S.K.: 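Got a structure for you, written out below as structure tokens; questions coming shortly.
Since we're looking at a predicted model, the values are computed, not measured. To find a chain, count down the sequence lines: A is the first, B the second, and so on, and within it residues start at 1.
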Number of protein chains: 2
Amino acid sequence: MAENETQADSRERLLDEAEMLFAQKGFEGVSVREITRAAHCNLAAVNYYFGNKENLYLEVFRNRWMPRARRIQESFRQSLKGEGHQSLNHIIQCLALAFLKGPLSEAERKCHHQLMAREMAQPTAALEMLAEQIMRPFFRELTDMIRPLIPEGIQEEELMLSAMGIFAMILYFGFGRVAVTRLLGCEYDDALRKRLSSYIADFSIGGLQRLNGEIHHGG
Amino acid sequence: MAENETQADSRERLLDEAEMLFAQKGFEGVSVREITRAAHCNLAAVNYYFGNKENLYLEVFRNRWMPRARRIQESFRQSLKGEGHQSLNHIIQCLALAFLKGPLSEAERKCHHQLMAREMAQPTAALEMLAEQIMRPFFRELTDMIRPLIPEGIQEEELMLSAMGIFAMILYFGFGRVAVTRLLGCEYDDALRKRLSSYIADFSIGGLQRLNGEIHHGG
DNA sequence: GTCTATAGCAGGATAGAC
DNA sequence: GTCTATCCTGCTATAGAC
């Protein structure tokens, strides 16, 4: 495989650099020139490997974003197993921590969240793909996990909204960090992340309780 | 003033069209040519009135976005006065409704939220201005309003986070509507907005309760 | 698979007539 | 205040040598 090293590397480097640049500046804000320069390969490489710029963008989501999303989900599942019982509190804190801290480096997480934020603000074909292959299955998994922990009377829509509301806070505190730190007036470090996670968990549990009387939760 | 009509109109039309286009496609995604074409004025008009494209973007926030944000806030305050007592439930529902429905047309609100979403994803000098002149004062007003309705023991940071968490849901359900409708599988109409508002209020109140024991709330 | 060269076009900005 | 004409730069995409 050594003789193919440079081939594979160019394609991978393009994906790496493209993802970071798309995250920082958006699709329109980055030029193919800038990407190829950052990836230390020729201008023509994008067209050679991906056909055009748009397709490179999609491949970034397919080959980088989605696998990383799966890693985050997997880290969430693993951290759940840590404790024997699965209380609502435990689930939501694990969820928040997986997304705010998780298995990613600081730079990787920032990149990941920014791409998502951009797609939320201006959906492209990429969001369609994410909704289908990542978001919807994970929401299903999450609501299935929560359902036995709350009273039977709760509406499915309320449950779905709750999951989304929890996510709203996680995403907001995750990628709206500029606004968060500016308003709180403090650094966005691990200590803050921990406080945010436990805050989100507490807040969410209260919300879930309120929706339909008392619930049974451990922790 | 009749003889100045066309002068004033061009500038105003530019701001109107620029805002819509920036909201739809982002700063980089729109050309000055496109804006001037939409505003039915000459290509050179942007440079004449605003110096350059970037400054037009800032003026959109100063002359369109910020006044509208103040109108939303004002409509929130007005709707609060409707009832004699100000319960937490009432406050939060009014807040959510002001942002999800409020005094704006459907198109105006969508435009407003999208610009905000873009600034959150990729902050520019505009966000600095909004944080200082709109967000921070309003958050202060809001926390001052909520503080007397909850126990004294609560931390100021928790209170701030609560206000932000409530906003997170409102903004998420407001401008993440594509994701919302896709996941819920229903239309984003007035009925859904009403359900979302009352859901957000219930959820938030539960969250606030949970943070520090029981609270006194009406409604 | 990599690179140079370039076609072909669209972008922001401005000068200067009216 | 409005408009035309134009400069110059940068873009995507491709053809074709190596």
S.K.: Expressed as a whole number of angstroms, how long is the span from A:R11:CZ to C:dT2:C1'?
M.R.: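 Spelled out: CZ on A:R11 to C1' on C:dT2 is 16 Å.
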S.K.: How long is the line joining CZ of A:F50 and P of D:dA13, in whole Å?
M.R.: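 Nearest whole value for this atom pair: 13 Å.
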S.K.: Apply side-chain hydrogen bond (donor to acceptor under 3.5 Å, both in side chains) to B:Y57 and list each qualifying residue two or more places apart in sequence or on a separate chain.
M.R.: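 B:Y57 satisfies side-chain hydrogen bond (donor to acceptor under 3.5 Å, both in side chains) with B:E119 once adjacent residues are dropped.
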S.K.: Measure from NZ on B:K53 to C1' on D:dG10 and round the result to the nearest Å.
M.R.: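 Rounded to whole Å, this separation is 13 Å.
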S.K.: Between B:S10 and D:dT2, is there a side-chain N or O to OP1/OP2 distance below 4.0 Å?
M.R.: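 Checking D:dT2 against B:S10, a side-chain N or O does come within under 4.0 Å of OP1 or OP2.
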S.K.: Please identify each residue that fulfils salt bridge (Lys or Arg N to Asp or Glu O under 4.0 Å) with B:D144, with sequence neighbours left out.
M.R.: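 By the salt bridge (Lys or Arg N to Asp or Glu O under 4.0 Å) rule, B:D144 matches B:R147.
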S.K.: If the condition is side-chain hydrogen bond (donor to acceptor under 3.5 Å, both in side chains), which residues does A:N52 pass it with, not counting sequence neighbours?
M.R.: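 For A:N52 there are no side-chain hydrogen bond (donor to acceptor under 3.5 Å, both in side chains) partners, ignoring immediate neighbours.
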S.K.: Nearest-Å distance, CG (A:L56) to C1' (D:dA13)?
M.R.: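 Rounded to whole Å, this separation is 14 Å.
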S.K.: Using heavy atoms and a sub-4.0 Å distance, could you list which residues of residues 24-48 of chain B are near DNA chain D? By number, please.
M.R.: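 Heavy-atom contacts with DNA chain D come from B:N42, B:A44, B:Y48.
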S.K.: Looking at residues at least two apart in the chain, or sitting in another chain, which of them share a side-chain hydrogen bond (donor to acceptor under 3.5 Å, both in side chains) with A:D16?
M.R.: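 A:D16: side-chain hydrogen bond (donor to acceptor under 3.5 Å, both in side chains) contacts with A:R64.
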S.K.: Side chains of A:R118 and A:Q122: any donor to acceptor distance under 3.5 Å?
M.R.: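 No, A:R118 and A:Q122 have no side-chain donor paired with an acceptor closer than 3.5 Å.
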S.K.: Using side-chain hydrogen bond (donor to acceptor under 3.5 Å, both in side chains) as the criterion, list what pairs up with A:Q114, not counting sequence neighbours.
M.R.: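 Expected list: none.
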S.K.: Please state how far atom CG in A:L14 lies from atom C1' in C:dC3, giving the value in whole angstrom units.
M.R.: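 About 14 Å, once rounded to whole Å.
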